[in-house]
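For reference, the structure discussed in these notes is given below.
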Amino acid sequence: MNRKIVIAVDGPAGSGKSSISRVVAAKKDLKYIDSGAVYRAITWHVLDSYGSVDGDAAHHNDLGNIGITQEFSPDGQVKTFIGNRDVSMLIRDEKIAANIGTIADSREIRNFVNTLLRGWADKDSVIMDGRDVGTVIFPTADLKIYLDASADIRALRRIKEYRELGKNVDENSVKKQIIQRDSEDTSRKFGALIKAEDAIYLDTTTLTKDEVIDRIIELITIKI
Ligand code: DC
């Protein structure tokens, strides 16, 4: 691909956005940007600094100084940093998922994140995943995909992911959390999860990861 392109991949928690986007990025020589990891890193920072995301802590104004960065390596690995500290593992904790709603609801924080993410996509062709990439961050993206799957299958995928990270999680609490996050993500006042009108809807419930990757690569070939 010679010209700079932007591919937006949105969808609910556990729909496979991240694992699929990073493989597509590696195969198509794109930079992968994980927008959810930025909200997670901010949540981690607020919890670490203030002990809670409630009250003024969620509206603090030092975000510009904490130095959030992300590195994507062409083998499909993504790392998120706060300053020099690699927080990639820390931000995958269940405690982050349980507290992230308050952070992601904040309009100031969303504005900060959107500006940061647009800057990261400034020079390279990118595939970015999240909730509002195709609607708010890049409304003119070259290709928009909305990945979906049933809540049960998404919960099972998250449980597998946690277990692969060596975490012992309670299945019921993960399912509850997926349902809670769906409700938070779709009802958010700013940046709610909603399919962009021009996004292509892909239900991955009965598809394998490879089938979804092939379909997206096919769409890139057809549409771009
Ligand atoms: O993609 P993820 O599950 O790591 O995202 C975690 C949370 O971050 C998600 O539940 C809501 C928030 N988020 C958001 O509000 N907007 C985005 N573009 C990406 C994530």
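Just so you know, ligand 1 is whichever comes first in the structure, and atom 1 is the first atom listed for that ligand. Side chains included, hydrogens not; waters and symmetry mates left out as well; all remaining heavy atoms used. Being a predicted model, the structure only gives us computed values, none of them experimental.
Every atom of ligand 1 with a heavy atom of Ile100 under 4.0 Å away is listed here by number and element: 6 (C), 7 (C), 8 (O). The atoms of ligand 1 that sit less than 4.0 Å from any heavy atom of Arg188 are 11 (C), 15 (O). The atoms of ligand 1 that sit less than 4.0 Å from any heavy atom of Gly130 are 18 (N), 19 (C).
Considering Arg215, Lys27, Lys28 in turn, Lys28 is the only one that fulfils the side chain to side chain contact (heavy atoms under 4.5 Å, CB included) rule with Ile220.
Remark: minimum distance from atom 17 (C) of ligand 1 to any protein heavy atom is reached at Arg131 N, 3.4 Å. Considering only non-hydrogen protein atoms, atom 20 (C) of ligand 1 sits nearest to Gly36 CA, 3.5 Å. For atom 18 (N) of ligand 1, the nearest protein heavy atom (residue, atom name, distance) is Asp132 OD1, 2.8 Å. Protein heavy atom nearest atom 11 (C) of ligand 1, with residue, atom name and distance: Asp185 OD1, 3.3 Å. At the top of the distance list for atom 10 (O) of ligand 1, counting protein heavy atoms only, stands Arg181 NH1, 2.6 Å.
For ligand 1, the polar-atom distance check against Asp129 finds no nitrogen or oxygen pair separated by under 3.5 Å. At a 3.5 angstrom cut-off on N or O pairs, Arg40 counts as close to ligand 1. Of the N or O atoms in Tyr39, none lie within a sub-3.5 Å distance of an N or O in ligand 1. When only interatomic distances are considered, the shortest N/O to N/O separation between Lys17 and ligand 1 does not fall below 3.5 Å.
Note: Tyr50 and His45 have perpendicular aromatic rings, judged against thresholds of 30 and 60 degrees for the angle between ring planes.
No more than 12 heavy atoms of other residues, nucleotides or ligands shown are found within 6.0 angstrom of NZ on Lys79. Within a 6.0 Å sphere centred on NZ of Lys176, heavy atoms belonging to other residues, nucleotides or ligands number 12 at most.
For Arg110, the heavy-atom gap to ligand 1 drops under 4.0 angstrom.
With rounding to the nearest 0.5 angstrom, the CD1 atom of Ile42 is 7.5 Å from the CG atom of Leu116.
With salt bridges taken as basic N to acidic carboxylate O contacts below 4.0 Å, none links Lys223 and Asp198. Using a 4.0 Å cut-off between charged nitrogen and carboxylate oxygen, Arg157 and Glu161 do not count as a salt-bridge pair. Ion pairing of Arg40 with Asp34 is absent here, as no side-chain N (NZ or NE/NH1/NH2) approaches a carboxylate O to less than 4.0 Å.
Of the listed residues (Ala8, Ala13, Ser15, Ser35), the one carrying the non-hydrogen atom nearest atom 19 (C) of ligand 1 is Ser35.
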When the side chains of residues 187-195 are checked against the rest of the protein, which donor-acceptor pairs come out under 3.5 Å, sequence neighbours left out?
{"from": "Ser187", "atom 1": "OG", "to": "Ser183", "atom 2": "O", "distance (Å)": "2.7"}
{"from": "Arg188", "atom 1": "NE", "to": "Ala104", "atom 2": "O", "distance (Å)": "3.3"}
{"from": "Arg188", "atom 1": "NE", "to": "Asp105", "atom 2": "OD1", "distance (Å)": "2.9"}
{"from": "Arg188", "atom 1": "NH1", "to": "Asp185", "atom 2": "OD1", "distance (Å)": "3.1"}
{"from": "Lys195", "atom 1": "NZ", "to": "Glu197", "atom 2": "O", "distance (Å)": "3.4"}
{"from": "Lys195", "atom 1": "NZ", "to": "Ala199", "atom 2": "O", "distance (Å)": "3.0"}

